[in-house]
Trainee: 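I have a structure here, written as structure tokens, and I will follow up with some questions on it.
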Amino acid sequence: MVDKVSEEVAKKVTTKDHSGNENGFLIELFKNEDKTEVYLSAATPGAFKGYHLHRVRAARYVCLKGKMRIILYVPSENPPAGGGKTQWVREEHFLDASESKRLFIPKNVATGLENIGTEEGWLINYPDPAYDPSLKDEQVEYTQEELEKGVVK
């Protein structure tokens, strides 16, 4: 016997790039109380989302639709002597819905998502720990220029 069947609205938010142009949407797929445990990030063809860095959360991506380039700026393991600027090391990873694979991105890595396909791109993210809206300064936005100059926020 089924104890309780329930239905609730899944929050959907239109996303925008740094210039304010729409670039896709985000849907909260699974929530536990006020924390989002799984969400879908969608990007229109040619759209770019990012750069942003999470101070607390790691990301786990799987591409369910389309082709996405994930551009990462990882802090160098060999910081400059004398306390100079942070050196970011650029990495690129490709996720394609036709090839099932997962990408793990640890905290403190600046991340950008680019849809390189001809259809809408869908990424599932299972963040660890779950997204907590009470953590106000957990996500930090960057421009590519800031990352290339070694800016740390």
Trainee: Taking the side chain as every heavy atom from C-beta outward, state whether Y61 and S41 have any pair of such atoms under 4.5 Å apart.
Mentor: no
Trainee: Could you check if a side-chain atom of I71 sits within less than 4.5 angstrom of a side-chain atom of F48, using non-hydrogen atoms only?
Mentor: yes
Trainee: Side chains of L123 and L113: closer than 4.5 Å at any heavy-atom pair?
Mentor: yes
Trainee: Are the side chains of I124 and V38 in touch, meaning some heavy atoms are under 4.5 Å apart?
Mentor: yes
Trainee: Would you mind reporting whether V62 and L64 have side-chain heavy atoms less than 4.5 Å apart?
Mentor: yes
Trainee: Please name the pair of heavy atoms, one in C63 and one in K65, separated by the smallest distance, quoted to 0.1 Å.
Mentor: SG-O, 3.4 Å
Trainee: Going through the checks in order, is the salt bridge (Lys or Arg N to Asp or Glu O under 4.0 Å) test met by E146 and K153?
Mentor: CA-CA 10 Å; E146 288 172 326; K153 296 181 182 180; 3.0 Å; yes
Trainee: Give, for atom OH of Y73 and atom OH of Y51, the distance between the pair rounded to the nearest 0.5 Å.
Mentor: 4.5 Å
Trainee: Does E138 pair with R55 as a salt bridge, N-O distance under 4.0 Å?
Mentor: no
Trainee: Would you please name every residue forming a ring-ring contact (aromatic ring centres under 6.0 Å, His included) with Y126, sequence neighbours left out?
Mentor: none
Trainee: Do L147 and V140 sit in the same hydrophobic cluster, where Ile, Leu, Val, Met, Phe, Trp and Tyr count as joined when their side-chain heavy atoms come under 4.5 Å apart?
Mentor: yes
Trainee: Please determine if E33 and K35 form a salt bridge, counting it only when a charged side-chain N lies under 4.0 Å from a carboxylate O.
Mentor: no
Trainee: Under 4.5 Å between any side-chain heavy atoms of D128 and R57, yes or no?
Mentor: no
Trainee: For residues 97-110, please give each side-chain donor-acceptor pair under 3.5 Å, one per line with the distance, not counting sequence neighbours.
Mentor:
unit_1	atom_1	unit_2	atom_2	d
S98	OG	D96	OD1	2.9
K101	NZ	F94	O	3.3

Trainee: Is a salt bridge present between E37 and K31, judged by a nitrogen-to-oxygen distance below 4.0 Å?
Mentor: no
Trainee: Among all residues two or more places apart in sequence or in another chain, which pass the side-chain hydrogen bond (donor to acceptor under 3.5 Å, both in side chains) test with W88?
Mentor: none
